[in-house]
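See structure below.
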Number of protein chains: 2
Amino acid sequence: MFVSERTISMKLNDGPRTGSRDNSRDNSKASQKPKPAAGERRLGDFLCFAIYSANLAFGRAYKKGLDELGLTYPQWIAIVALWEQDGQTVSELGEKMFLESNTLTPILKKLEQMGYLRRQRDPADERQVRISLTEAGRRLREKGMHMNLVASTGLKPDEFARLQENVVKLRDNLIEATAEKAE
Amino acid sequence: MFVSERTISMKLNDGPRTGSRDNSRDNSKASQKPKPAAGERRLGDFLCFAIYSANLAFGRAYKKGLDELGLTYPQWIAIVALWEQDGQTVSELGEKMFLESNTLTPILKKLEQMGYLRRQRDPADERQVRISLTEAGRRLREKGMHMNLVASTGLKPDEFARLQENVVKLRDNLIEATAEKAE
DNA sequence: CCGCTTTATATCGCATACGATCTTATCGCA
DNA sequence: TGCGATAAGATCGTATGCGATATAAAGCGG
């Protein structure tokens, strides 16, 4: 597979575009952009990209601590959310995590298989599944408490709190606006 | 499959834990939390979760506009990043997007297959692959310019700019701290 | 009480993320 | 010059997100 990939690429290099590619590389800043006009927005100016990349950074920052627990980032979020209240349904947990059953079910099944929670149909309404942490799940949360990344954010406590509030506000505004536009 | 899943769940409900589960549901707020102590941090207090959920919200907010273009969110980010400079290598693009070849290669191959860019080995160094937008790729970027979500963020221009800066700072601090801890 | 609709969850397929590993190309240096 | 080390991409396996759909239970109108 890799060989053929390589071969194809080299063939492309032999194609009619090779010259143009070299050209674009040598003086791309000066001539290649179709319109370096005023309204041009670079990737770094997008708030959405700042959030996107900050999310990647958080996942990587947590990686080390989570590996010790044998958890992934979303699994850890689920544990924290379940810690707040026991016996939540999948939907309730989904509202907290902003996820639906198509994403949550596999995560919960995995955590169940690892012995950190139980999934049980509600006898009063067999459609619903109630989630409860096991003792091991609760211990897990304790063990994870040491993963404090506040220092890594490089923010002073008040900055931290204000940024957190603003991001939450941003999120909720986006959700509202998206729901509106869907009519 | 669903049937057996269902069956298993019902069996669990018949198990020794059913009573305890009912209990946790009926008065979970009052008694079920193991420790409503002072140091308890709820999911909503985590900055990482604010970023995580805001990222999901952005993806959903962009979904409608991107569907019209037939693009996904990361594909769109790649197009914007490529717009800035033509003939970037995969690594260079990866630095901008905070991704590596294992994630980027499939995205770029897909975009190439859709006719929006070309991937060509650099004749001067056959290890590198240079990416250039096609004419269709550049038009795509034009068509996507109308997707302005600034209004949906509910932020005033100066708030928007400040939040963007702070999130970028947060991201860069996290990356630095993560790199340090890895030695 | 029967059938139709709605609700809650699960399944499936596709597209990211990402660690580990592989292939190929280039580099360093004896 | 040749060969081990390094670099750049690509591949693979696993785990999310998520739209579309399936399944089973509950609700409900006649």
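In what follows, every chain begins at residue 1, and chains take the letters A, B, ... in the order their sequences are listed. All values below were derived from every heavy atom in this structure, side-chain atoms included, with hydrogens, water molecules and symmetry-related copies excluded.
Of the side-chain N and O atoms in B/Tyr52, one or more sit less than 4.0 angstrom from OP1 or OP2 of D/dG17. Of the side-chain N and O atoms in B/Thr105, one or more sit less than 4.0 angstrom from OP1 or OP2 of D/dA10. Between B/Lys109 and D/dT11 there is a side-chain polar atom (N or O) within less than 4.0 angstrom of OP1 or OP2. Listed pair B/Lys63 / D/dC18 fails the phosphate criterion, with no side-chain N or O lying under 4.0 Å from OP1 or OP2. Phosphate contact (OP1/OP2 of D/dA10, side-chain N/O of B/Arg119, threshold under 4.0 Å): present. Taking side-chain N and O atoms only, B/Thr103 has no distance below 4.0 Å to OP1 or OP2 of C/dA17.
Note: B/Tyr52 and A/Tyr73 have perpendicular aromatic rings, judged against thresholds of 30 and 60 degrees for the angle between ring planes.
Note on B/Ile107: only backbone sugar-phosphate atoms sit closer than 4.0 angstrom, heavy atoms only; bases stay farther off. At a threshold of 4.0 angstrom between heavy atoms, the contacts of B/Leu56 are confined to the sugar-phosphate backbone, with no base atom among them.
Distance CZ (A/Arg121) to P (D/dA24): 11 Å, rounded to an integer number of Å. The OH-C1' distance, from A/Tyr62 to C/dG19, rounds to 21 Å in whole Å. We find that CD of A/Glu92 is positioned 12 Å from C1' of C/dA8, with the value rounded to whole Å. Between the CG atom of B/Asn55 and the C1' atom of C/dT16 there is a distance of 11 Å, rounded to whole Å. Atom CE in A/Met97 sits about 11 Å away from atom P in D/dC18, given to the nearest Å. The CG-C1' distance, from B/Leu99 to C/dG19, rounds to 14 Å in whole Å. To the nearest angstrom, P of D/dA25 lies 7 Å from CD of A/Glu126. Following rounding to the nearest Å, B/Glu112 (CD) and D/dA10 (C1') show an atom-to-atom distance of 13 Å.
With hydrogens and angles ignored, no donor-acceptor pair closer than 3.5 Å exists between the side chain of B/Ser91 and the base of D/dA8. Counting distance only, with no hydrogens placed and no angle test, the side-chain atoms of A/Ser101 and the base atoms of C/dA10 include a donor-acceptor pair under 3.5 Å. Contact annotation: side chain of B/Arg127 to base of C/dT24, donor-acceptor pair absent below 3.5 Å.
Taken residue by residue, residues 66-82 of chain B places no heavy atom nearer than 4.0 Å to DNA chain D.
More than 12 heavy atoms of other residues, nucleotides or ligands lie within 6.0 Å of CD in A/Glu92, so this atom counts as buried by the packing criterion.
For A/Val129, whose side chain is taken as the heavy atoms from C-beta onward, the closest listed nucleotide among D/dA10, C/dT26, C/dT9 is C/dT9. Taking the side chain of B/Lys110 as heavy atoms from C-beta on, and the options D/dA15, D/dA7, C/dA15, the nearest nucleotide is C/dA15. With D/dA8, D/dA10, D/dA25 as the candidates, the nucleotide lying closest to the side chain of B/Gln128 is D/dA8.
The side-chain heavy atoms of A/Leu82 and A/Tyr116, taken from C-beta on, include no pair separated by under 4.5 Å. Side-chain atoms of B/Met114 and B/Gln75, non-hydrogen and from C-beta on, do get closer than 4.5 Å to each other. A 4.5 Å side-chain heavy-atom check between A/Phe46 and B/Ile77 finds every atom pair outside the cut-off. By the 4.5 Å heavy-atom criterion applied to side chains, A/Arg42 and B/Trp83 are not counted as neighbours. The shortest distance between side-chain heavy atoms of B/Leu170 and B/Asp172 does not fall below 4.5 Å. At least one side-chain heavy atom of B/Lys143 sits under 4.5 Å from a side-chain heavy atom of B/Leu69.
Side chains of A/Lys96 and A/Gln85: a donor-acceptor N/O pair is absent below 3.5 angstrom, by distance only.
In this structure, A/Asn102 and B/Phe98 both approach DNA chain C, and ranking their closest nucleotides by distance from the 5' end singles out A/Asn102. Position along DNA chain D of the nearest nucleotide to A/Glu100 versus B/Asp125 favours B/Asp125 as the more 5'-ward residue. DNA chain C is contacted by both A/Gly59 and A/Pro106; A/Pro106 maps to the nucleotide lying nearer its 5′ end (nearest heavy atom per residue).
Base-pair partner of D/dC28: C/dG3 (Watson-Crick or G-U wobble, both distances under 3.5 Å).
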